[in-house]
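Shown next, in structure tokens, is the structure this report addresses.
Just so it is clear, the model here is predicted, and its values are computed rather than measured. Within every chain, numbering begins at 1; the chains are lettered A, B, ... in the order of the sequence lines, protein sequences first and strands thereafter.
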Protein chains: 2
Amino acid sequence: MLTKQTAIQNIRAFNRFYTDVIGLLNKHLLDSDYSLAEVRVMYEISVGKEVQASQIMAAMSIDKSYLSRILKKLEKDGIITKSLSPQDARALSISLTAKGKKLFDTLNKASDHQIGQLIETLSSAQQQELVSHMHSIISILNK
Amino acid sequence: MLTKQTAIQNIRAFNRFYTDVIGLLNKHLLDSDYSLAEVRVMYEISVGKEVQASQIMAAMSIDKSYLSRILKKLEKDGIITKSLSPQDARALSISLTAKGKKLFDTLNKASDHQIGQLIETLSSAQQQELVSHMHSIISILNK
DNA sequence: ATAAAATAGTGGACTTTGTCCACTATTTTG
DNA sequence: CAAAATAGTGGACAAAGTCCACTATTTTAT
């Protein structure tokens, strides 16, 4: 039976390992014109369809001023549109433009491809096992 | 039977989830005088006992100029000592000072504490399961 | 109804973090 | 021993992120 201290050390080792995995997977985004944060903003808009800046802020725990600048850039690039929320004149209603959807889709496919490479040497069974362990971790940590 | 595409989507969901976990755990370091990169450098020196800058570079995939500045700060703060390697006069031999060891130990304990909080509501059995899933992921991905 | 407090977002000014490149000093290779 | 490779430094800059003050609304409490 292992102690809590041992568990902690093992979790830290995993964190170091997985930080590197994530870093590796995200590296390809450096070749795009958009930063990790910008892509994550697009993701939040994409899943929410129509979101307010404050919702993105909450989802990402990002500074509102920083977010404001990101949204400005994305709007300038024609990736998103901002319109005043009808319910609340302080708030913006943000959504991806057709161009934005297309770009996001392209970035997504590139990300998928990266992960595809990560697991390509694994058998189908191993891939399923991997996913299963990930689900378990999420479910344990969400307790 | 799930497809590879489904596996990829699940892995991406896990990555988003775990990125947040890691972000949360690292947040406490913001209160220290040292950045994530600086602490990671201390870690590399600590596990290597006596390392060269080039080894840290390789381990962290960090720019050598950036590393040089980090080491300069750590030396100035009395955290590390740099001495010329006897075998190679181009290279530095770097190690933690007593002060550096103490600091690193303190930071480590704080990190341990963070993880302790993350898992404190879990039963001992659940903690072991968590670690076991983590080990499995490492072992699958290292194939 | 209305004054005070809260919320949504913007922009200025700044710090931190990270990158690129040219350079010196050694060591290795052919 | 000359050419190429390696180790590290520092200048100059770019990217990422933070803090604060501000305007414009909306909500809350009296």
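As a whole-Å value, the separation of B/Asp63 CG from D/dA15 C1' is 14 Å. In this structure, A/Met57 atom CE and D/dG17 atom P are separated by 15 Å, rounded to whole Å. Spacing between atom NZ of A/Lys73 and atom P of C/dG11 amounts to 17 Å, rounded to whole angstrom units. With rounding to whole Å, B/Lys72 atom NZ is found 7 Å from D/dG11 atom P. C/dG9 atom P lies 8 Å from atom CD1 of A/Ile56, rounded to whole Å. We find that CD1 of B/Ile62 is positioned 13 Å from P of C/dC20, with the value rounded to whole Å. At whole-Å resolution of the value, CD1 in B/Ile70 and C1' in C/dT19 are 13 Å apart. Atom-to-atom, CG of A/Leu67 to P of D/dC19 comes out at 16 Å; the value is rounded to the nearest Å.
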Please write out each protein N/O paired with an N/O of nucleotides 22-27 of chain D under 3.5 Å, distance rounded to 0.1 Å.
residue: D/dT25; atom: O2; partner: A/Arg90; partner atom: NH1; Å: 3.4
residue: D/dT26; atom: OP1; partner: A/Ala89; partner atom: N; Å: 2.7
residue: D/dT26; atom: O4'; partner: A/Arg90; partner atom: NE; Å: 3.4

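By the 30° and 60° cut-offs, the orientation of the rings of A/Phe14 relative to A/Tyr18 is parallel.
Minimum interatomic distance between B/Gln55 and B/Gln52 (heavy atoms only, all atoms of both residues): OE1-N, 2.7 Å. A pairwise comparison of heavy atoms in A/Gln127 and A/Ile119 identifies NE2-O, 3.0 Å as the closest pair.
Of the residues in residues 16-53 of chain A, those lying under 4.0 Å from DNA chain C by heavy-atom distance are A/Gln52, A/Ala53.
In the hydrophobic clustering of ILVMFWY residues, with side-chain heavy atoms under 4.5 Å counting as a link, B/Leu29 and A/Ile22 come out apart.
Salt-bridge annotation for B/Asp20 and B/Arg16: absent, with no side-chain N of the basic residue lying under 4.0 Å from a carboxylate O of the acidic one. In this structure, A/Lys109 pairs ionically with A/Asp105, as a charged nitrogen and a carboxylate oxygen lie closer than 4.0 Å.
Residue A/Lys82 is in sugar-phosphate contact alone, with no base atom involved, counting any heavy-atom pair closer than 4.0 Å across all strands shown. Counting non-hydrogen atoms under 4.0 angstrom, A/Ser54 reaches the backbone sugars and phosphates but no base.
No donor-acceptor contact under 3.5 angstrom links the side chains of A/Asn108 and A/Tyr43, judged on distance only. Side chain to side chain, A/Thr3 and A/Gln5 fail the donor-acceptor criterion of an N or O pair below 3.5 Å.
A distance of 11.0 Å separates CG of A/Leu107 from CG of A/Asp112, quoted to the nearest 0.5 Å.
For B/Leu92, the listed nucleotide lying nearest its side chain is D/dG8; candidates were D/dG8, C/dG11, D/dG11.
For D/dG11, its base sits under 3.5 Å from the side chain of B/Arg69 at one donor and acceptor pair at least. On a pure distance criterion of 3.5 Å, a polar donor-acceptor pair joins the side chain of B/Ser65 and the base of D/dG10.
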